[in-house]
Each structure stands twice: as structure tokens, then as C-alpha cells.
Colleague: 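This is the structure I have questions about; it appears just below.
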Amino acid sequence: MRAHEAGALHADINNRGPAWLRTPEDVNALLPTLWPRSVTRGADGALAVAGLSVRDIATEFGTPVYVLDEADLRSRCRDFRAAFPTEDVYYAGKAFLCRAVVRMIAEEGLHLDVCTGGELATALSAGMPPERIGFHGNNKSVAELGRALDAGVGRIIVDSFTEIDRLTALARERGVRPRVLVRVTVGVEAHTHEFIATAHEDQKFGFSLAGGAAANAAFKILDEGVLELRGLHSHIGSQIFDASGFEVSARRVLALQAQIRDARGVELPELDLGGGFGIAYTTQDDPATPQDLAKRLRKIVDSECAAENLAVPHLSIEPGRAIVGPAVFTLYEVGTVKDLDGIRTYVSVDGGMSDNIRTALYDASYSATLASRASGAQPMLARVVGKHCESGDIVVKDEFLPADVQPGDLVAVPGTGAYCRSMASNYNHVPRPPVIAVRDGQARLIVRRETEDDLLALDVG
Ligand SMILES: Cc1ncc(COP(=O)(O)O)c(C=O)c1O
């Protein structure tokens, strides 16, 4: 890669794309792992979701628009419930939260993780039973903790000694005994196909295991007796395909559990192994099924508990991306097509880093397809970019689109359910797109499009 003072993205000129990206035999084909389960290409060549054409969606709701396949989302909730029938599955609301989704996951029997007052308010306003809510976050304010206690949330995952003190004071004032888990930083960092296990835990979340803070947090809670310590919690990363990271983290966290038992005579009844289960964004990703995951996690926990002579604790997990990510695609309209002779073709769409920051932020990979029609043209290596004033405003870094893609075409990007609308911004004063849910051929708006009036309403000066 050539060095460039403005950063790698500016110098990364490679018109063949990454090694894993193959020229497709049929540029109109849809790879089932990438798309919501009800998406098909209809007889007219346009994509349809639950039988509804994306052309009709664009006409009714405009573009860009996030399109949620409701049956797909619900089926992923059911798959997790069926795979983890005696465990608790907390949907990690940070991936994407709105009231309709809260209702869907509640109806499907999931629990819900929130990590701010805003997420808590959304959950409560949609009628999520508070006892099925877990409250996360490394800097929960006194006000947020007070609201969580007043609402009666089921558990709070404590993240610092300051928070333990805050929560203890609030619990004393209210005469309540909140259930808590201690978030343990186990020195495992997992992303995609790799994980690193270290003794070093240089990050803002949780209590260090290696440094002894995690044990001290547990002892403090047990000794003070104001909060009810239910168990330990570990979350090791995101977009994980390799179970060995969970193996190392479970071993470390259960060793701490044994240490607590030996020191205080208490066996903690619960264990949360977090989320981070990978999904398919491109042809290179091959995610495990929930059944597979359940088998592997149970095996790991059972054998580590046997090794430590511990009773197997009640297990919970926190998938976000794996529930909502594959259930959504973003529909854009192409505005310009620029062929940089011999370098690459830039296809500009009417959104960009304001509705999907992950490519710019994490160098995430996505796929795309021409959605409003099928094409007989040859595949052409393209870069799908947005309309923002950043050259790093890339939605899909490398993808084969038909060579005749043109302004007015619709392009769809799958796998955008998680960390896209929830991380959306108003950069360049672009209003954030709506979210629609499609079921049985009917679309309904679940988050409306922002308007320029919305933006101006905040600008009181
Ligand atoms: C504590 C915790 N649990 C669960 C998740 C969900 O991760 P994912 O959406 O990758 O499953 C996150 C994501 O950051 C997290 O921090």
C-alpha cells in the first residue's frame, strides 16, 4: 500500500479488488446468506422483499431507505430461542432499536440489553417488561441508574468501582436490592476470524481480570451486601466466527468464579458470555448457526465448570448484529457514475457515511446489487460511494455491478440492520433515512425520515 499523508484510504488504489472477491458468473444472482430470507429477484428483474418490489418501496418511501424484513428478524429471534431454550437471549439494542423492534423481540421471547437512558426509554415506552431488561454501559450517570432502579430493570452490568458506589447509594436510598453482574475484561480481543488472548486489558470497558480489579469488585459487592451479585459477564468483541475466543474467555471468567467461591463461599448462579456472533457481509463470511453456537458454548462452559468443580451457571448471551444485521438492506438511488479510466468506477448513491459509517470507521466490507432491474451487461468492479464531503465516504469498497449501471437505478446493500441506523448522523445536514418493516407484501413505516424541518427545529439560534 502506498503511503499518503491523508491516510491509507486515499492511496489504496487497487482496481482488482481484494483477493476474496471473485468475478460473479451471474451479476444478477443473490447469495442467500447475504440477504433477508424473503428477498427474491422478481420476473421483472427487480428485487422484492416479502413479495413487495423495491421499485414500489422507492416510490412510496423515497431513498435512501432501510428495509426490514420482519419475518426474517422474527425467524432469527426464534432460531436463537430454539437453540438456547433454557438460557436467556438478550438482544443487544445498540445494534438497532426502535419501538417496533422492541415489540418484535419481546413477542419472540427475547430479553433486551440497553446501554443508555435513551435506549432504556425506548424499551420502556414500547412496553418491554422491565425485568427482561439488562442495563450496560461504562459511564452510566446517577440519573440513568436511578431511572433503571425506578423502572425495575432485571439486571445492571456494573462496569466500575464508581458505578458500584453510585448504585449502592441509590439502592440504599430506595431500599431495594438490585441484581448485578460484574463486567470482566478477560484479555481476549476477537474480531472476525481472529482473536488475541493477552494478559493486557487496555480498554475502557469492565474490570481487569489480570490486574485483580474484577475479583475486588465482586468481593466489594458481596461484602457490602447491598447489591445482589448474580454473576460475571464477559464480551470479547464483534463479528466473531471463531469459537476459540469464547473458550479462552469462559476459562478465565470461570476461574474467577472459582476464586470467588474459594474466598467467599459463594457460587454465583449466572454467567453472561456477551455477543459478537458474526454475520455474512460478503462471500468470504460463513457464519455459524445459532444451534452450532449453542452447542459450542455449552460444551465450553460445561467442561470449564467440570475442571473448576463448579455447578454450571444459568447462561445468557447478547447477540445484536446476528439478530438484526441480516434482516435489513439499504435501498439507494444512483446519482452519478464516474469511470476513472483504468482505476475504478465510482457509483455515487444518495446516502453514504451518514447512514452507514461502518465502512469509513472500521474499514468494514459490504456487498451490493443492482436492485431495480436485472442486467445483461458484463460485471464491472465498482466502488459504491455516498454524497458526503469526504473522500473516505465509501459504502461498499469493492463490488461487481453490471457495467451499464446508470443514474436512476436502485442499488441495494444487504446486512445493514446493525450499527447503521443506530450510528447514523446528520453530517452535511443530510436527514437520516426512514426504516420500513415489510411483512406479507405490506410495508409500514417504523421510523420516519428526518426532514430539514427536524434539523432546523434543533437550530434555535
Ligand atoms: C456488552 C455487549 N454485548 C453485546 C454486544 C453486541 O454485539 P453484536 O451486535 O456484535 O452481537 C455488544 C456490542 O458492542 C456489547 O458491547
Side-chain angles (χ1 to χ4, degrees), residues 70 73-137 140 144-145 147-159 167 177-184 227-236 238 246 253 268-277 290-291 293-294 297-298 301 312-325 327 417-419 422:
E70 182 171 344
L73 179 97
R74 287 179 181 273
S75 71
R76 287 177 204 278
C77 294
R78 279 178 212 154
D79 291 349
F80 267 98
R81 275 258 41 91
F84 292 91
T86 57
E87 294 86 356
D88 292 329
V89 180
Y90 284 77
Y91 168 65
K94 66 200 78 179
F96 173 62
L97 204 64
C98 68
R99 290 194 273 203
V101 164
V102 171
R103 284 186 212 107
M104 290 175 207
I105 64 117
E107 284 163 14
E108 298 301 339
L110 267 55
H111 289 49
L112 175 65
D113 262 352
V114 298
C115 61
T116 62
E119 288 183 1
L120 178 61
T122 304
L124 294 173
S125 79
M128 186 74 196
E131 65 279 7
R132 281 161 60 190
I133 298 177
F135 193 17
H136 264 287
K140 306 176 193 80
E144 285 174 321
L145 288 168
R147 276 168 75 189
L149 291 186
D150 294 340
V153 304
R155 66 187 203 180
I156 297 175
I157 296 83
V158 294
D159 199 283
L167 192 57
R177 190 151 192 260
R179 296 178 152 209
V180 300
L181 304 189
V182 165
R183 180 155 177 181
V184 182
L227 311 177
E228 182 183 348
L229 182 59
R230 297 293 299 172
L232 303 176
H233 176 286
S234 151
H235 171 79
I236 57 173
S238 57
F246 290 106
V253 92
L268 301 177
E270 296 180 25
L271 173 66
D272 192 303
L273 289 176
F277 315 118
Q291 287 289 352
L293 271 172
L297 292 185
R298 256 186 232 118
V301 172
V312 175
H314 181 76
L315 204 62
S316 52
I317 55 164
E318 300 171 340
R321 182 191 319 268
I323 301 257
V324 77
Y419 308 106
S422 61

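This is a predicted model, so every value here is computed, not measured.
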Colleague: Looking only at atom types and distance, does a side-chain atom of S422 sit under 3.5 Å from a main-chain N or O of K94, one as donor and one as acceptor?
Modeller: yes

Colleague: Test of understanding: with side chain to side chain contact (heavy atoms under 4.5 Å, CB included), list the residues that count as partners of R76, not counting sequence neighbours.
Modeller: R37, D72, P326

Colleague: Does atom CZ of R74 have more than 12 heavy-atom neighbours from other groups under 6.0 Å away?
Modeller: yes

Colleague: Report yes if the side chains of M128 and I105 come closer than 4.5 Å at any heavy-atom pair, otherwise no.
Modeller: yes

Colleague: Would you compute the distance between atom CG of L149 and atom CD1 of I156 and round it to the nearest 0.5 angstrom?
Modeller: 5.0 Å

Colleague: Can you pull the ring pair (Phe, Tyr, Trp, His ring centres under 6.0 Å) pairs that have at least one residue in residues 112-134, sequence neighbours excluded?
Modeller: none

Colleague: Is there a side-chain contact between V102 and Y91 (heavy atoms, below 4.5 Å)?
Modeller: no

Colleague: I need the L145 CG to D150 CG distance, nearest 0.5 Å.
Modeller: 11.0 Å

Colleague: Can you tell me how far the CZ atom of R298 sits from the CG atom of L315, to the nearest 0.5 Å?
Modeller: 8.0 Å

Colleague: Which distance, rounded to the nearest 0.5 Å, do you find between the CZ of R321 and the CZ of F96?
Modeller: 15.5 Å

Colleague: Please report the interatomic distance CG(L124) to CZ(R99), rounded to the nearest 0.5 Å.
Modeller: 11.5 Å

Colleague: Output yes when a side-chain donor or acceptor of R230 lies under 3.5 Å from a complementary backbone atom of P269, and no otherwise.
Modeller: no

Colleague: Between L268 and V182, is there a side-chain heavy-atom distance shorter than 4.5 Å?
Modeller: no

Colleague: By the definition side-chain hydrogen bond (donor to acceptor under 3.5 Å, both in side chains), identify the one residue from R155, R183, H314, H235 that meets it with D272.
Modeller: R155

Colleague: If the condition is side chain to side chain contact (heavy atoms under 4.5 Å, CB included), which residues does T116 pass it with, not counting sequence neighbours?
Modeller: E119, E144

Colleague: Indicate the atoms forming the closest heavy-atom contact of A83 with A294, along with that distance.
Modeller: O-CB, 3.2 Å

Colleague: Looking only at non-hydrogen atoms, find the nearest pair between P313 and L271 and report the distance.
Modeller: CG-CB, 3.7 Å

Colleague: Using 30° and 60° as the class limits, which term best fits the ring planes of H136 and H233: parallel, tilted or perpendicular?
Modeller: perpendicular

Colleague: Which value, rounded to the nearest 0.5 Å, describes the distance between F84 atom CZ and I317 atom CD1?
Modeller: 3.5 Å

Colleague: Is the shortest heavy-atom distance from the side chain of V301 to the side chain of L273 under 4.5 Å?
Modeller: yes

